[in-house]
Amino acid sequence: MYRGASLRFVLWLACVTASSAPALAQVVPAGKVATFDGQGANAWSGNIRASDDELVGLLEDGIKRSPTFKGLVDRLAKSDVILYVRPDVTAKNNAMKLTFLTAKGGYRYLVIRVGAGRSKDQQLATLGHEMQHAVTIADASSVVDSATLRREFERVGKLTQPSVGDDFFFESPVAEEVRRRILAEIGQK
């Protein structure tokens, strides 16, 4: 009985504390991103979540410098896609890639792994290219796993390399155009 009573007390105390404590999430302008640790703009409320301050800075730079990049961020913010952006120190040729993680609880989770070693402008343009792929997923509610993702990308693009297990490599003309447009926009500013 003591254990049950103390557990009830702890749960009651947690509820009272949570309901009376001030909100911890920051209130900031839309179009910002969050870090994995829940800090930064929008805390955990944003659809785009970067793993470190350097990637947050890259995303914020893209929002400021490119209307196309900002449009991708805004589109993803209105979707059921949660996009994680994280560094990839193992990336060959400083590549970036998008991976479908899971669909759960009404959300679809994706990750973009960002390779280092490119200029900031090239990183922004390539990140925008990968974000366009995320928007393609956001626009296709039928994409809920790797198989449906592959079918959608075969419809809108083309495979560029042989598949390896569940991994496949594709390209779409829309994503490539987004990359070129972002480079042009950030080259003007």
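In this chain, numbering begins with 1 at the start of the sequence shown.
In this structure a side-chain-to-backbone donor-acceptor pair under 3.5 Å is present from N47 to L76. Using a distance-only test at 3.5 Å, with no hydrogens or angles considered, no donor-acceptor pair links the side chain of D52 to the main chain of R86. Within the 3.5 Å criterion, the main-chain N or O of K104 finds no donor-acceptor partner in the side chain of T102.
A heavy-atom distance below 4.5 Å is found between the side chains of R49 and I82. At least one side-chain heavy atom of R75 sits less than 4.5 Å from a side-chain heavy atom of S79. Between P87 and L55 there is a side-chain heavy-atom pair separated by less than 4.5 Å. The closest side-chain heavy-atom distance from V143 to F100 is below 4.5 Å.
Closest approach of L59 to A50, counting heavy atoms only: CD1-CB, 3.9 Å. The two residues I182 and G128 come nearest to each other via the heavy atoms CD1-CA, 3.6 Å. The shortest heavy-atom contact between L110 and A134 is CD1-CB, 3.8 Å. Considering all non-hydrogen atoms of both residues, V144 and S141 come closest at CG1-O, 3.9 Å. Counting all heavy atoms, side chain and backbone alike, V135 lies closest to L72 at CG2-CD2, 3.8 Å. When all heavy atoms of L127 and F69 are compared, the pair lying nearest together is CD2-CZ, 3.9 Å.
Ion pairing of E185 with R181 is absent here, as no side-chain N (NZ or NE/NH1/NH2) approaches a carboxylate O to less than 4.0 Å. Comment: R151 does not engage E154 in a salt bridge, judged by the lack of any side-chain N to carboxylate O separation of less than 4.0 angstrom. A salt bridge is absent between E60 and K64: the closest approach of a Lys/Arg side-chain nitrogen to an acidic carboxylate oxygen does not fall below 4.0 angstrom. A salt bridge does not link D74 with K78: none of the charged nitrogens is closer than 4.0 Å to a carboxylate oxygen. Ionic pairing of D88 and K97 is not present here: no N-O contact between side-chain nitrogen and carboxylate oxygen is shorter than 4.0 angstrom.
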Checklist entry - Do K120 and L58 pass the side-chain contact (heavy atoms from CB on, under 4.5 Å) test, and can you show the C-alpha distance, the side-chain angles, and the key distance before you say yes or no? => result CA-CA 8 Å; K120 287 282 188 205; L58 183 67; 4.0 Å; yes
Next on the checklist: Is there a side-chain contact (heavy atoms from CB on, under 4.5 Å) between I48 and V73? Walk through the geometry before answering.
Outcome noted: CA-CA 8 Å; I48 300 175; V73 170; 3.9 Å; yes
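For the atom pair OG1 of T68 and CD of E177, the computed distance is 8.5 Å after rounding to the nearest 0.5 Å. To the nearest 0.5 Å, atoms CD1 (I63) and CG (D61) are separated by 9.5 Å. Atom CG of residue L124 and atom CZ of residue R179 lie 12.5 Å apart, to the nearest 0.5 angstrom.
Partners of R113 according to the salt bridge (Lys or Arg N to Asp or Glu O under 4.0 Å) rule, which considers only residues two or more places apart in sequence or in another chain, do not exist here. Not counting sequence neighbours, the partners of D121 by the side-chain contact (heavy atoms from CB on, under 4.5 Å) test are R65, S119, L183, I186. With sequence neighbours left out, the salt bridge (Lys or Arg N to Asp or Glu O under 4.0 Å) criterion links D145 to no other residue. Scored by the side-chain contact (heavy atoms from CB on, under 4.5 Å) test, S142 finds A140 as partners (sequence neighbours excluded). For the side-chain hydrogen bond (donor to acceptor under 3.5 Å, both in side chains) test, no residue two or more places apart in sequence or in another chain qualifies with Q123. Considering only residues two or more places apart in sequence or on other chains, E54 meets the side-chain hydrogen bond (donor to acceptor under 3.5 Å, both in side chains) condition with none of them.
Applying the ring-ring contact (aromatic ring centres under 6.0 Å, His included) test to pairs two or more places apart or on separate chains, those with a residue in residues 111-139 are H129-H133, H133-F153, H133-F170.
Of the listed residues (R108, E130, M131), just one forms a side-chain contact (heavy atoms from CB on, under 4.5 Å) with L83, and that residue is M131.
The hydrophobic cluster containing V156 also contains V178, counting ILVMFWY residues as joined when their side-chain heavy atoms lie under 4.5 angstrom apart, directly or transitively.
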